[in-house]
Amino acid sequence: MATEERMRILRLIENGQLTAEEGARLLGVMEPNNRISRPQRAQWVRIRVTDLKSNHHKINVNIPVGLISIGLKLGARFASNKHTTLNFDEMLEAIRGGMTGKIVDMEDLEDGERIEIVVE
């Protein structure tokens, strides 16, 4: 893209005739090598259960997002025996909706465990 065209778009943004988002979109369309990238979808769900006393991992499982419904159904069977505030249906919906990052971080003081679920 020619420098003049780039400067013209920047001036339009500066004068308030275009928003920064509109300007970025125009620059991306006009210059194919500067395409605006889409956020990547999560690939893995990492489940970690750590012993609070020793700080050692009791469970460290990585599950592909495509298989998470099976993994959560299995986890729900184990968790149903305990008093838990985890809602597996809500977690599954959040993961399918594109949520990433740490979605569960809780301590079970009765069993001396920390449970973490991270979507990456």
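Residue Leu52 is found in a hydrophobic cluster whose other members, listed by chain and number, are Leu109; membership requires side-chain heavy atoms under 4.5 Å apart, directly or through intermediates.
Following chains of ILVMFWY side-chain contacts shorter than 4.5 Å, one cannot reach Trp44 starting from Ile47, and the two form parts of different hydrophobic clusters. No continuous path of ILVMFWY side-chain contacts below 4.5 Å connects Val118 to Ile63, so the two sit in separate hydrophobic clusters.
Listed here is the closest heavy atom pair of Val61 and Ile59: CG2-CG2, 3.4 Å.
If you take CZ on Arg6 and CZ on Arg11, they are separated by 12.5 Å, rounding to the nearest 0.5 Å. In this structure, CD in Glu90 is found 10.5 Å from CD1 in Ile103, a value given to the nearest 0.5 Å.
Taking the side chain to side chain contact (heavy atoms under 4.5 Å, CB included) definition, one finds that Glu93 meets it with nothing, sequence neighbours left out. Residues meeting the side chain to side chain contact (heavy atoms under 4.5 Å, CB included) test with Val65, sequence neighbours left out: Ala42, Val45, Ile95. Scored by the salt bridge (Lys or Arg N to Asp or Glu O under 4.0 Å) test, Asp51 finds no partners at all (sequence neighbours excluded). Remark: Arg46 engages Glu120 in a salt bridge (Lys or Arg N to Asp or Glu O under 4.0 Å) (not counting sequence neighbours). Listed by chain and residue number, Asp105, Glu116 satisfy the salt bridge (Lys or Arg N to Asp or Glu O under 4.0 Å) test with Lys102 (two or more places apart in sequence, or in another chain).
Side-chain contact between Glu113 and Lys58 is present, with heavy atoms from C-beta onward closer than 4.5 Å. Residues Thr50 and Asn55 are in side-chain contact: their nearest non-hydrogen atoms beyond the backbone lie under 4.5 Å apart.
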